[in-house]
Amino acid sequence: MEEMLFYDRMQFAFTITFHYLFPQLTMGLSLIIVYFKWKYLKTKDDQYNHATHFWMKIFALNFAMGVVTGIPMEFQFGTNWAKFSELTGGIIGQTLAMEGMFSFFLESSFLGIFLFGEKIIGHKWHFVTGLLIMIGSWASGYLIIATHSWMQNPVGYEILENGRFVLTNFKALFLNPWLWPSYLHNQAASLVTSSFVVAGIGAFYILSKKNVAFGRMFVKTGVIFGLISSIIVAVPTGDLLAKNVVKYQPVTFAAMEGIFHTEKKGSEIVLIGQPDVKDKKLDNKIAVPNILSFLTYGSWHEEIKGLDQFEEDLHPTNISGLYYAYHIMVGLGTIFIGLMTLALVQLFRKKLFETKWILWSLMFMMPFPYIANTTGWYTAELGRQPWLVYNLLRTSAGASPTVSSGNTLFTLLGFIGLYLLLGMLFLLLIGKIINKGPHNVELNSEKI
């Protein structure tokens with residue numbers, strides 16, 4: 001059973017990790033595309049319209065890859081996690097169905113019109129079409145996060161005699177206190193990814209002295225959106241989400257922060273340290289006293305419960321993985337704020353486009369928001385373990401008893417091979433779009 005559960009979790013972790021590489025770009029990029037189209041309507045500068053079409057090509061390719069890689073996850077609910085689907089389908093089935101019927105179809109229906117229908121519908125309706133695509137994209141994220149939030153903090157439900165969950169309060173599902181901080185945090189993080197991609201490609205154009213005018217436009221846009229979204233990820237959304245963890249999952253918070261023993265006179269915040277789960281301590285730690293208590297409760301000496309206050313069978317099953325995932329996410333988020341702040345200062349000084357070390361940094365930092373988003377999801381998922389539905393349904397009780405570990409491992413290897421090929425094809429196509437660049441018309445630098 002343990003071997004079967006391990007491969008079930010590994011397969012879902014791999015497929016969802018690869019899948020989420022694409023929606024995290026499309027959700028944030030849809031907003032930036034709408035911004036470029038709005039700027040065109042406002043200024044009548046054709047360069048903004050060329051930028052709109054350029055990024056829409058990248059959006060469309062990401063969207064297609066997201067669809068292809070998302071379908072296997074839906075099937076895994078019925079194969080590897082059939083018992084989970086049977087017991088909770090009355091609740092999560094509603095939000096997932098709404099995501100497919102409303103959000104996905106809204107997004108996909110207008111995508112073709114936006115790509116090919118500008119001359120037919122005109123620029124104003126073209127903008128409206130782009131706006132509808134963005135709404136569909138963000139609504140899709142909302143409904144997925146609503147499903148995830150119910151698993152983290154179940155509300156508005158009743159458990160029948162046969163063990164099945166049924167929804168008794170539809171309103172409570174969408175007013176879940178876990179939902180809005182998680183959703184806004186996720187969307188801001190998606191915008192961070194998109195901003196770094198836009199700024200990074202712009203930096204590439206400037207450094208390679210190719211499409212320089214567009215490069216300046218992209219860098220400026222990416223830096224402004226990137227700084228705003230990076231700050232929002234930290235405050236208020238990250239802060240609110242962390243306080244939710246303290247309130248609803250205190251044992252998870254203790255594991256995230258590496259608090260093995262309760263500190264009576266205030267908890268320190270650990271900057272660097274390696275968890276030793278066996279001996280229940282942090283090795284080689286660098287910490288600042290009392291800061292964690294202040295950030296959590298607004299009091300320097302407030303007590304935060306450590307792992308020693310909870311039964312061991314309630315501890316997260318992978319404390320080390322949870323600790324590192326959380327600290328990688330927070331560390332990268334801090335770096336993002338610092339880099340974008342420096343870039344914005346140079347932008348105001350009108351020296352950004354000549355500051356090569358910042359341009360190189362923006363270009364090479366493009367993959368790191370993907371890492372931060374992925375470790376953010378790992379933090380949420382590893383933190384909930386050993387539960388599928390927190391405090392109500394254990395992960396071991398949700399796996400399919402009839403799917404063998406051998407079958408799961410075989411299909412996992414198949415997914416790895418297939419996704420490797422898809423990933424290589426995706427990078428090749430993206431490379432061609434970037435190499436071709438936007439329409440080769442010089443942009444008046446005074447308008448940037």
Side-chain angles (χ1 to χ4, degrees), residues 17-18 20-29 31-33 35 51 54-55 58-59 62 185-212 214-235 237-238 271-272 324-349 351-379 423 426-427 430-431 433-435 437:
T17 297
F18 192 87
Y20 193 61
L21 295 175
F22 305 103
Q24 68 172 284
L25 179 63
T26 56
M27 288 187 294
L29 192 56
L31 176 60
I32 294 177
I33 290 170
Y35 165 77
F54 171 78
W55 287 108
I58 295 177
F59 176 96
N62 266 269
H185 186 70
N186 183 80
Q187 299 308 103
S190 172
L191 189 55
V192 171
T193 299
S194 305
S195 300
F196 268 89
V197 169
V198 171
I201 292 177
F204 167 73
Y205 284 149
I206 295 173
L207 291 169
S208 63
K209 299 180 180 180
K210 178 181 179 181
N211 298 308
V212 174
F214 283 100
R216 292 179 175 181
M217 176 194 289
F218 295 163
V219 167
K220 177 184 176 181
T221 303
V223 166
I224 293 173
F225 275 90
L227 179 58
I228 294 172
S229 56
S230 295
I231 293 173
I232 292 174
V233 165
V235 181
T237 64
L271 304 179
I272 297 176
Y324 283 121
Y326 173 69
H327 281 80
I328 289 171
M329 174 191 68
V330 172
L332 286 176
T334 304
I335 293 172
F336 298 158
I337 294 174
L339 177 58
M340 286 301 187
T341 300
L342 290 173
L344 189 64
V345 169
Q346 289 297 86
L347 180 66
F348 279 125
R349 296 178 64 195
K351 295 182 178 181
L352 175 59
F353 306 133
E354 291 76 39
T355 310
K356 289 190 176 182
W357 73 267
I358 291 183
L359 296 177
W360 279 103
S361 298
L362 290 173
M363 187 171 67
F364 280 109
M365 283 296 289
M366 279 195 288
F368 287 92
Y370 288 95
I371 297 173
N373 271 273
T374 300
T375 52
W377 271 106
Y378 283 3
T379 300
F426 171 78
L427 292 175
I430 286 291
I433 294 173
I434 294 172
N435 186 57

Would you check if there is a donor-acceptor pair between the side chains of N373 and S190 at a distance under 3.5 Å?
no

Residue pair T375 / Y324, side-chain donor-acceptor N/O under 3.5 Å
no

Taking the ring of F22 and the ring of F18, is the distance between their centroids below 6.0 Å?
yes

Of all heavy-atom pairs linking Y205 and I434, the shortest is OH-O, 2.6 Å

Expected output: side-chain T237 to main-chain I232 donor-acceptor under 3.5 Å
yes

L362 versus W357: any side-chain heavy-atom pair under 4.5 Å?
no

If you measure from CG on L352 to CZ on R216, what distance do you get to the nearest 0.5 Å?
10.0 Å

For W55 and F59: C-alpha separation, side-chain torsions, deciding distance, then whether ring-ring contact (aromatic ring centres under 6.0 Å, His included) applies.
CA-CA 6 Å; W55 287 108; F59 176 96; over 10 Å; no

Can you find a heavy atom in the side chain of K210 that is under 4.5 Å from one in the side chain of N435?
yes

Shortest non-hydrogen separation from F196 to M366 and the atoms involved
O-CG, 3.3 Å

Nearest 0.5 angstrom please: I32 CD1 to L191 CG, how far?
5.5 Å

Could you give the distance from CE (M340) to CG (L347), rounded to the nearest 0.5 Å?
11.5 Å

The reported gap from OG1 in T193 to CG in L25 (rounded to nearest 0.5 angstrom) is 7.5 Å

Does L29 form a side-chain contact (heavy atoms from CB on, under 4.5 Å) with I58? I'd like the steps, not just the answer.
CA-CA 9 Å; L29 192 56; I58 295 177; 4.3 Å; yes

Shortest non-hydrogen contact from S195 to S229?
OG-OG, 4.1 Å

To the nearest 0.5 Å, what is the distance between CG on L332 and OG on S230?
11.0 Å

Is there a side-chain contact between V219 and V198, using heavy atoms and a 4.5 Å cut-off?
no

Checking T26 side chain against P23 main chain: does a donor-acceptor pair fall under 3.5 Å?
yes

Does N186 reach the side chain of Q24, with side-chain heavy atoms less than 4.5 Å apart?
no

Is F336 close to L227 at the side-chain level, that is, under 4.5 Å between some pair of heavy atoms?
no

Might you point out which heavy atoms bring L271 and H327 nearest each other, and give the distance in Å?
O-CD2, 4.5 Å

To the nearest 0.5 Å, atom CD1 of I358 lies from atom CG of L339 at 7.0 Å

Is the gap between the ring centers of F225 and Y35 under 6.0 Å?
yes

Could you tell me whether the side chain of L344 reaches within less than 4.5 Å of the side chain of I224, counting heavy atoms only?
yes

Residue pair F218 / A51: nearest heavy atoms and the distance that separates them:
CE2-CB, 3.7 Å

Shortest non-hydrogen pair, I337 vs A234, comes out as CD1-CB, 4.1 Å

